2 protein chains.
Amino acid sequence: MKIGELSRATGTNIETIRYYERIGLLPEPARTAGNYRSYGEAHRTRLAFVRHSRELGFTIEEVRSLLDLADHPERECSEADRIATRHLTQVEEKIGQLVTLRDELSRIIGRCRGGLAADCRVIEALGDHTMCNGDHE
Amino acid sequence: MKIGELSRATGTNIETIRYYERIGLLPEPARTAGNYRSYGEAHRTRLAFVRHSRELGFTIEEVRSLLDLADHPERECSEADRIATRHLTQVEEKIGQLVTLRDELSRIIGRCRGGLAADCRVIEALGDHTMCNGDHE
DNA sequence: CTTGACCCTGTAGTTGCTACAGGGTGCATA
DNA sequence: TATGCACCCTGTAGCAACTACAGGGTCAAG
């Protein structure tokens with residue numbers, strides 16, 4: 001498989017594949033006589049693992065740890081569980097923050113009744129930080 | 001006010017203040033004899049506006065537009081409303097994505113009953129993209 | 001007169017890619 | 001044989017929004 005085919009097979013940008021190789025997430029593949037990268041099924045599987053992990057929001061370093069574990073099936077999986085659980089916590093925190101944000105934005109926008117910027121509630125709200133009750137960290 | 005005081009007054013990193021000045025979000029302040037930046041109340045207000053906007057997740061370019069509007073109170077505020085509404089939509093989309101993410105993560109983690117990586121559901125789930133119903137873009 | 005806190009400029013690093021520039025390869029077609 | 005085109009290669013620079021130095025200057029206190 002050439003890089004373009006792997007790209008299409010996994011929905012990954014070609015530059016991204018080369019980037020993953022550069023940072024050591026994907027092993028260097030064999031080369032053809034013309035110096036083209038030549039991938040096998042194992043590469044496709046590994047790249048799919050990386051992409052799925054990234055879609056779930058794991059950082060590159062987390063993906064590296066997860067891959068490392070996948071490469072060593074004789075180890076305990078508590079590390080994987082720990083990484084995933086911590087990530088879940090972070091996602092939940094982020095959701096909470098965004099919900100707070102959404103509420104504040106809705107409130108600000110709801111008060112805008114058009115007209116001149118001089119009287120705009122959006123602009124006013126942004127300038128005046130005390131408008132929110134002050135306890136959002 | 002020297003930069004350190006402005007930093008404390010607004011909870012903004014000193015480097016960030018200089019960065020904002022460099023990219024033109026904050027005007028260049030007067031300088032003391034010793035070439036120190038010297039800020040006034042207007043700078044503090046403007047920086048607070050920027051920080052609050054950034055906390056709400058507006059991009060630098062959006063903040064630039066909002067500031068521009070705040071600087072011209074004779075204009076209509078429909079632009080501010082448009083920017084804020086678009087941003088609200090984006091925040092809502094992001095919340096939706098994260099909720100989907102959280103659910104998938106919970107499902108994956110919930111199935112992990114410890115043991116060896118060889119049998120780990122987390123690792124397995126990451127490798128096998130078809131485990132999710134397949135319709136998340 | 002030296003110590004320490006503060007300030008200055010300029011540049012490089014962060015994350016996770018993405019986008020070139022400037023070339024080489026490989027195959028079909030004229 | 002030439003040539004066009006799609007594809008591939010390396011290496012470097014760019015994005016957002018900061019953050020972190022290095023290597024120096026300023027200023028007040030002791």
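Throughout, protein chains are lettered first and strands after them, A, B, ... in sequence-line order, and every chain is numbered starting at 1. From a predicted model like this one, the values you see are computed outputs, not experimental measurements.
A salt bridge does not link Arg18(B) to Glu21(B): none of the charged nitrogens lies less than 4.0 Å from a carboxylate oxygen. Between Arg46(A) and Asp71(A), at least one side-chain N (NZ, or NE/NH1/NH2) sits under 4.0 Å from a carboxylate O, which counts as a salt bridge. In this structure, Arg64(B) pairs ionically with Glu61(B), as a charged nitrogen and a carboxylate oxygen lie closer than 4.0 Å. A salt bridge does not link Glu5(A) to Lys2(A): none of the charged nitrogens lies less than 4.0 Å from a carboxylate oxygen.
Each of Arg54(B) and Gly34(B) was assigned the nucleotide of DNA chain D with the nearest heavy atom; the assignment lying further toward the 5' end belongs to Arg54(B). For the pair Arg22(A) and Ile60(B), nearest-nucleotide mapping onto DNA chain D gives the more 5' position to Arg22(A).
Rounded to whole Å, atom C1' of dC7(C) lies 13 Å from atom CD of Glu21(B). Atom-to-atom, CE of Met1(A) to C1' of dC8(D) comes out at 16 Å; the value is rounded to the nearest Å. Going from atom CZ of Arg31(A) over to atom P of dG26(C) covers 13 Å, rounded to whole Å. The distance between atom CG of Asn35(A) and atom P of dC7(D), rounded to the nearest whole Å, is 19 Å. As rounded to whole Å, 13 Å separates atom P of dT10(D) from atom CD1 of Ile17(A). If you measure from atom NZ of Lys2(A) to atom P of dT25(C), you get 13 Å, rounded to the nearest angstrom. Between the CD atom of Glu5(A) and the P atom of dC7(D) there is a distance of 10 Å, given to the nearest Å. In this structure, Leu6(A) places its CG atom 11 Å from P of dC9(D), rounding to the nearest Å.
Using a 4.0 Å heavy-atom cutoff across all strands shown, Ile14(B) reaches sugar-phosphate atoms only and no base atom. Heavy atoms of Thr32(B) sit nowhere under 4.0 angstrom from any nucleic acid atom. Within 4.0 Å of Arg37(A), counting heavy atoms only, lie sugar-phosphate atoms of the nucleic acid but no base atom. Nucleic acid contact class of Phe58(B) (heavy atoms, under 4.0 Å, all strands): none.
When distances are taken from the side chain of Ile3(B) to each of dT19(D), dA19(C), dC8(C), the shortest belongs to dC8(C). When distances are taken from the side chain of Glu15(A) to each of dC8(C), dC20(C), dC18(D), the shortest belongs to dC20(C). Side-chain proximity of Asn13(B) to the nucleotides dC8(D), dA20(D), dC8(C) is greatest for dA20(D).
Checked by distance alone, Tyr19(B) brings no side-chain donor or acceptor within 3.5 Å of a matching partner on the base of dT19(D). With hydrogens and angles ignored, a donor-acceptor pair closer than 3.5 Å exists between the side chain of Tyr36(A) and the base of dG24(C).
A close approach under 4.0 Å does occur between a side-chain nitrogen or oxygen of Arg18(B) and OP1 or OP2 of dC8(C). An OP1 or OP2 oxygen of dC18(D) is reached within less than 4.0 angstrom by a side-chain nitrogen or oxygen of Arg51(B). Contact annotation: Thr16(A) side-chain N/O to dT18(C) OP1/OP2 distance is under 4.0 Å.
Checking side-chain atoms of His52(A) against main-chain N and O of Phe49(A) turns up no donor-acceptor pair under 3.5 Å.
Summarising the geometry of Leu69(B) relative to Ala80(B), their closest heavy-atom pair is CD2-CB, 3.4 Å, with the distance given to 0.1 Å.
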